[in-house]
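Here the structure comes first, spelled out in structure tokens, and everything after it is commentary.
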Amino acid sequence: MKQIIEKINKLKENLNKWGHAYYVLDKPLVDDSEYDKSLNELIKLESQYPQLITLDSPTQKVGGVVMDKFEKYKHKQPMLSLANAFNEEDLENFNDQILKEIENKKYNFFVEPKIDGLSISLIYKNGNLFKGVTRGDGIYGEDVTSNVKTIKSIPLSISDKSEYVEIRGEVFLSKNEFEKLNKQRLLNDEEIFANPRNAAAGTLRQLDSSIASSRKLDAFLYYFMDREKFHTHSDSLKYLETMNFKVNSLGKICNNIKEVYEHIQTILLQREKLEYEIDGVVVKINDFDLYEKVGYTAKSPKWAIAFKFPAETKQTKLKNIFSTVGRTGRITYNASLEPVQIAGTTVQAATLHNADFIIQRDIRIGGEVKVKKAGDIIPEVISPIQDENYFSLKKWKEEKKCPQCHSILERVEGEVDQYCINSQCPRKIVRGLEHFVSRDAMNIEGLSIKIIEKLYDNKFVSTVSDIYKLNKFRQQLIELDKMGEKSVKNLLESIEISKANSLEKLFFGLGIRHVGKKTAKTLALSFKNIDKISTITFEELEQINDVGPIVAKSVCDWFTIKQNRELIKELNELKINMQYLGNEGTKNNDKITLKSFVITGTLSKPRNYFKDLLEEYGAKVIDTVSKKTDFLLAGNEAGSKLEKAQKLGINILSEEQFLEMIGE
Ligand code: IVH
């Protein structure tokens with residue numbers, strides 16, 4: 001046995017060393033075949049002696065764990081995002097804010113690429129990888145440990161054996177892996193991913209970890225959370241390197257904003273050549289000791305900023321123009337393009353918005369066009385290149401009929417968009433169902449657009465209420481290709497859970513024109529249940545803060561249509577909750593409910609206490625003072641926000657005045 005243990009240890013030691021050289025340092029020490037041979041030997045030994053498998057064995061990286069769902073995990077410290085800068089002036093302002101907080105202290109910056117992936121928090125306990133958690137909403141993330149364990153550049157065990165070590169970074173998919181993955185998906189007739197970030201996010205959220213393992217995710221780490229241990233960010237990064245984490249090599253210390261800007265340009269020049277996608281540069285104060293002094297806003301630290309790169313543009317040929325119809329019946333036009341590489345991805349389709357956009361720019365099929373791609377945003381045709389061939393091409397004319405149901409399109413005088421007004425248009429129905437189940441609406445998991453199309457084609461669903469009758473078709477669902485028993489079970493569970501959603505989610509999901517997420521919340525908060533909303537008059541609606549005449553009319557119109565009223569009745573009979581369930585607005589005070597507040601300065605309790613309290617009264621708490629702000633709640637040492645509020649003549653309340661106002 002002793003010999004076996006020694007053999008296993010030797011294999012593990014070699015494999016870990018070779019893996020680090022290959023996946024982190026990009027400097028292989030041995031041939032792939034030698035690595036594979038040792039790995040197979042280890043797998044064989046471990047299968048003979050399963051009691052000898054340890055958490056840090058390289059065999060634990062191959063995946064194979066299948067989960068039902070991901071558990072929520074509360075972050076020890078919230079995962080914040082960063083404010084954005086777009087030019088040198090924004091950087092100067094960022095620096096000015098810092099100077100305000102720390103007089104006479106010398107400091108420098110650390111400038112590093114902003115990796116376009118998704119943030120991850122890694123927790124090691126006593127040296128072993130304990131959890132890998134996504135950002136989620138910043139407070140609660142998803143426990144995706146089983147997938148994180150398959151990422152070859154993330155060590156399963158580290159030399160720091162402290163009880164708790166947390167390190168944050170970015171999981172990403174290289175440009176190369178992304179292209180490979182999409183090619184494969186095309187072959188399999190699967191929807192392709194729009195960009196490497198979506199692909200990485202989709203992969204990290206796979207319940208079967210062998211999928212993550214096969215897709216070769218990677219990770220850069222850039223944030224060591226224990227700031228007591230080091231004085232500078234750059235030192236903490238060196239430490240991460242000694243622990244075998246992958247740390248980006250383009251990071252640099254810069255002494256002032258001029259140097260910061262220069263290094264940004266250096267990184268920008270290399271952008272296209274890099275193996276991974278970056279969407280900007282992150283500028284951080286290098287001195288950890290100053291972080292607390294410089295402080296935070298509600299959403300982001302003031303000691304760092306994300307400098308966003310401008311969108312990349314390229315020229316290519318416009319092969320064709322085609323139209324699609326959305327859930328509201330709105331027609332959008334799209335271009336199919338000669339494939340072109342922009343910002344690391346192959347672009348072959350781009351939006352052309354509406355008919356006016358194309359006509360005004362005189363964009364013609366067969367001509368060359370300029371195409372732009374900015375981060376998340378769908379690629380967009382910007383303008384035609386009017387070369388000598390251009391004017392021999394035929395002028396483009398807008399379509400007259402819906403591309404799906406062929407009914408005549410309508411266009412309201414003065415509006416740019418064309419609409420298909422056939423309520424039975426199949427595409428509108430399918431898109432409406434997709435919206436109803438989406439995350440911000442009823443949040444039903446397992447109903448992708450592809451599955452909805454199948455359910456619709458098979459006549460299982462044609463209205464949103466049919467979704468709640470799907471359990472009748474359990475067996476047929478299982479037989480629908482690729483659905484299987486387990487996903488049907490999960491789907492039906494998710495449908496059942498959604499019945500208890502708070503009213504605003506249902507209200508948003510109904511897809512009433514001009515009722516976005518925010519308006520749905522305002523209405524739910526003001527009326528508390530759907531009966532109230534459905535009987536309300538235009539005048540009453542218009543009274544509500546934030547509800548203008550367009551929204552008011554749209555809501556009234558929606559409820560006058562008989563089919564819609566019947567839908568609500570049916571949903572009610574199917575036991576879908578129609579009450580507002582949030583904490584906010586549970587208390588009422590005419591002076592506060594639906595008013596907007598900004599909080600500043602030092603109060604007797606943390607700001608979040610006052611924020612929660614205000615929200616219970618149905619007030620909105622926002623970050624910046626503007627003309628629209630109703631009240632500024634100002635504590636001691638209030639600074640620029642107080643000045644601005646005074647200038648704008650906004651009501652300023654001290655803590656005592658505020659407490660008096662709410663009678664506490
Ligand atoms: S530092 C307190 N450094 O960009 C936040 N973030 O909005 C500290 N990101 O959520 C983040 N590369 O996911 C930092 N080198 C880098 C980064 C980086 C990418 C992401 C991160 C964060 C977002 C900022």
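All ligand and atom numbering here is 1-based and tracks the order in the structure.
- For atom 7 (O) of ligand 1, the closest non-hydrogen atom of the protein is L82 N, 2.9 Å.
- A salt bridge links E166 with R168: the distance from a Lys NZ or Arg NE/NH1/NH2 to an Asp or Glu carboxylate oxygen falls below 4.0 Å.
- Counting heavy atoms closer than 4.0 Å to ligand 1, residue V282 contributes side-chain atoms (C-beta onward) but none from N, CA, C or O.
- Residue S81 has no nitrogen or oxygen atom sitting less than 3.5 Å from a nitrogen or oxygen atom of ligand 1, judged on distance alone.
- In this structure, K284 is part of the shell of residues with a heavy atom less than 4.0 angstrom from ligand 1.
- Within the 4.0 Å heavy-atom criterion, the part of P113 lying near ligand 1 is the backbone and not the side chain.
- Remark: E262 engages K258 in a salt bridge, criterion side-chain N to carboxylate O under 4.0 Å.
- By the 3.5 Å distance cut-off applied to N or O atoms, Y222 is counted among the residues near ligand 1.
- Checking K114, H233, E170 against atom 13 (O) of ligand 1, the nearest heavy atom belongs to E170.
- Ring geometry, Y239 versus F230: the interplanar angle falls from 30° to 60°, so the pair is classed tilted.
- In terms of N/O distances under 3.5 Å, ligand 1 is not approached by L118.
- Residue Y107 forms a side-chain hydrogen bond (donor to acceptor under 3.5 Å, both in side chains) with just one option from N95, D287, N256, and that option is N95.
- D630 has its side chain out of reach of F597: every pair of non-hydrogen atoms, C-beta onward, lies at least 4.5 Å apart.
- Of the heavy atoms in R168, none comes closer than 4.0 Å to ligand 1.
- Checked options E170, K114, E112; the residue passing with Y222 is E170 (criterion: side-chain hydrogen bond (donor to acceptor under 3.5 Å, both in side chains)).
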